[in-house]
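Order of the sequence lines sets the chain letters (A, B, ...), proteins ahead of strands, with each chain counted from 1.
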There are 2 protein chains.
Amino acid sequence: MARPSQTELAVLGALSTGPMTGYEVRAAISESLGHFWHESFGQIYPTLAALEEAGAITPADSGRRTRTVYEITPAGVERLEELLAEPHRRAPARNGLLLRLFFGTHLPQGTPEALLEEAEEQAAGALEQYAAVRDEVADDEGTEQAFRTMTLSFGEHMARAQLAWARECRAALPRRARSSSGGGRARG
Amino acid sequence: MARPSQTELAVLGALSTGPMTGYEVRAAISESLGHFWHESFGQIYPTLAALEEAGAITPADSGRRTRTVYEITPAGVERLEELLAEPHRRAPARNGLLLRLFFGTHLPQGTPEALLEEAEEQAAGALEQYAAVRDEVADDEGTEQAFRTMTLSFGEHMARAQLAWARECRAALPRRARSSSGGGRARG
DNA sequence: AGCAGCATGTAAGTGGTTACATGATTGT
DNA sequence: ACAATCATGTAACCACTTACATGCTGCT
């Protein structure tokens with residue numbers, strides 16, 4: 001196996017919270033990390049196989065033979081700690097919004113305005129969702145709660161920042177074209 | 001043609017600012033979109049070929065035959081507008097920091113502390129960089145300046161948000177393990 | 001002559017998604 | 001009996017990166 005993959009970390013991490021099937025791993029990840037992470041079966045099952053091969057996880061008694069409940073082994077915990085300790089190489093910068101916005105300014109459209117509006121709405125929407133989750137989280141306890149709060153808080157901070165940024169930019173934009181078609185050149 | 005739509009957009013967008021070689025396209029993107037976008041030659045050259053095939057760009061007189069300066073065509077501008085108008089594609093939700101932080105809470109380490117510290121330092125560092133860029137940008141003019149300001153502003157908002165979030169979380173964390181390193185402060 | 005940096009391209013590999021194929025279990 | 005959903009897996013493809021191969025141009 002060797003390659004330190006993000007998926008490996010996610011799967012191993014999920015299993016560190018308790019024994020699960022591949023199906024449940026995916027559910028656990030998408031429930032708990034909602035907006036911030038996601039795995040597909042096409043990644044999960046091969047990763048489970050590789051992890052078992054490497055002795056990091058082991059099939060536990062499942063009661064049924066059509067499903068495989070995996071359990072993390074001591075070696076797996078070690079591996080997980082190793083992965084966590086590794087310097088977190090961040091994804092190559094690829095922000096589609098900024099890309100579009102930049103090149104949008106070279107076009108006669110109201111494109112930049114529209115993009116900023118969209119960004120603003122999206123952030124506002126996210127904030128509403130987070131507010132709803134806040135209520136739920138209040139019921140949780142201990143570590144679970146600490147995690148959820150951090151995640152949530154991260155989402156909120158980022159959404160608020162995006163909202164503020166979009167509003168500032170919209171306010172600063174010269175009011176030339178008002179959406180599609182219209183004046184090409186602003187200044188001469 | 002096939003649709004490497006994000007790269008296609010970036011390349012077409014770059015060419016919308018003026019004729020360029022593939023090499024220059026890459027430089028233009030990394031200069032202007034610095035932290036927010038990036039293209040590799042392995043993507044750029046095939047994309048240029050495909051765009052030429054599709055009539056979106058055309059080779060212009062370069063003076064030398066060992067380089068090909070491409071120019072965007074009216075059809076290319078149309079294509080660019082089309083791409084810009086398209087509903088802004090997925091951001092596949094994969095935040096390595098949040099992932100690690102979550103599973104870090106299940107381990108006895110000072111892992112979460114270390115991650116938050118790293119996140120805080122990274123944001124602080126970015127802010128310093130942006131401050132430097134601020135000065136440069138002041139010299140620019142017109143559209144160029146408007147773009148740079150927006151980009152920069154986005155970076156600043158996000159970095160400040162991350163900084164605030166990391167600090168809040170660290171303050172809220174129970175002080176159990178003291179982590180390995182002692183270096184928490186931003187350099188002066 | 002030699003080196004830095006401009007310029008173009010390709011092959012192999014990575015890390016991931018989508019769609020599909022298959023079947024078991026549970027609830028009504 | 002049937003549908004929903006739990007569960008496992010694979011094949012094909014996709015966007016992109018890395019490393020490599022090659023050669024030109026301009027400067028000292």
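Between A:Arg100 and A:Glu118 no salt bridge is recorded (no basic side-chain N to carboxylate O distance below 4.0 Å).
Here C:dG9 presents its P atom at 13 Å from CG of B:Leu51, a figure rounded to the nearest Å. In this structure, the CD atom of B:Glu8 is 14 Å from the P atom of D:dC14, given to the nearest Å.
With contacts defined as side-chain heavy-atom distances shorter than 4.5 Å, the pair A:Glu168/B:Met150 does not qualify.
In terms of phosphate contacts, B:His38 brings no side-chain nitrogen or oxygen within less than 4.0 Å of OP1 or OP2 of D:dC16. Side-chain nitrogen and oxygen atoms of B:Thr21 include at least one within less than 4.0 Å of the OP1 or OP2 phosphate oxygen of C:dT8. The side chain of B:Arg94 places an N or O atom within less than 4.0 Å of a non-bridging phosphate oxygen (OP1 or OP2) of C:dG16. The side chain of B:Ser40 places an N or O atom within less than 4.0 Å of a non-bridging phosphate oxygen (OP1 or OP2) of D:dT17.
Checking C:dG5, D:dT8, D:dT25 against every side-chain atom of B:Tyr23, the shortest atom distance belongs to C:dG5. For B:Thr7, counting side-chain heavy atoms from C-beta on, the closest listed nucleotide (D:dT8, C:dC6, D:dC16) is D:dC16.
With B:Thr68 contributing its side chain and B:Pro59 its backbone, the two residues share no donor-acceptor pair below 3.5 Å. Between the side chain of A:Arg94 and the backbone N or O of B:His38 there is at least one donor-acceptor pair closer than 3.5 Å.
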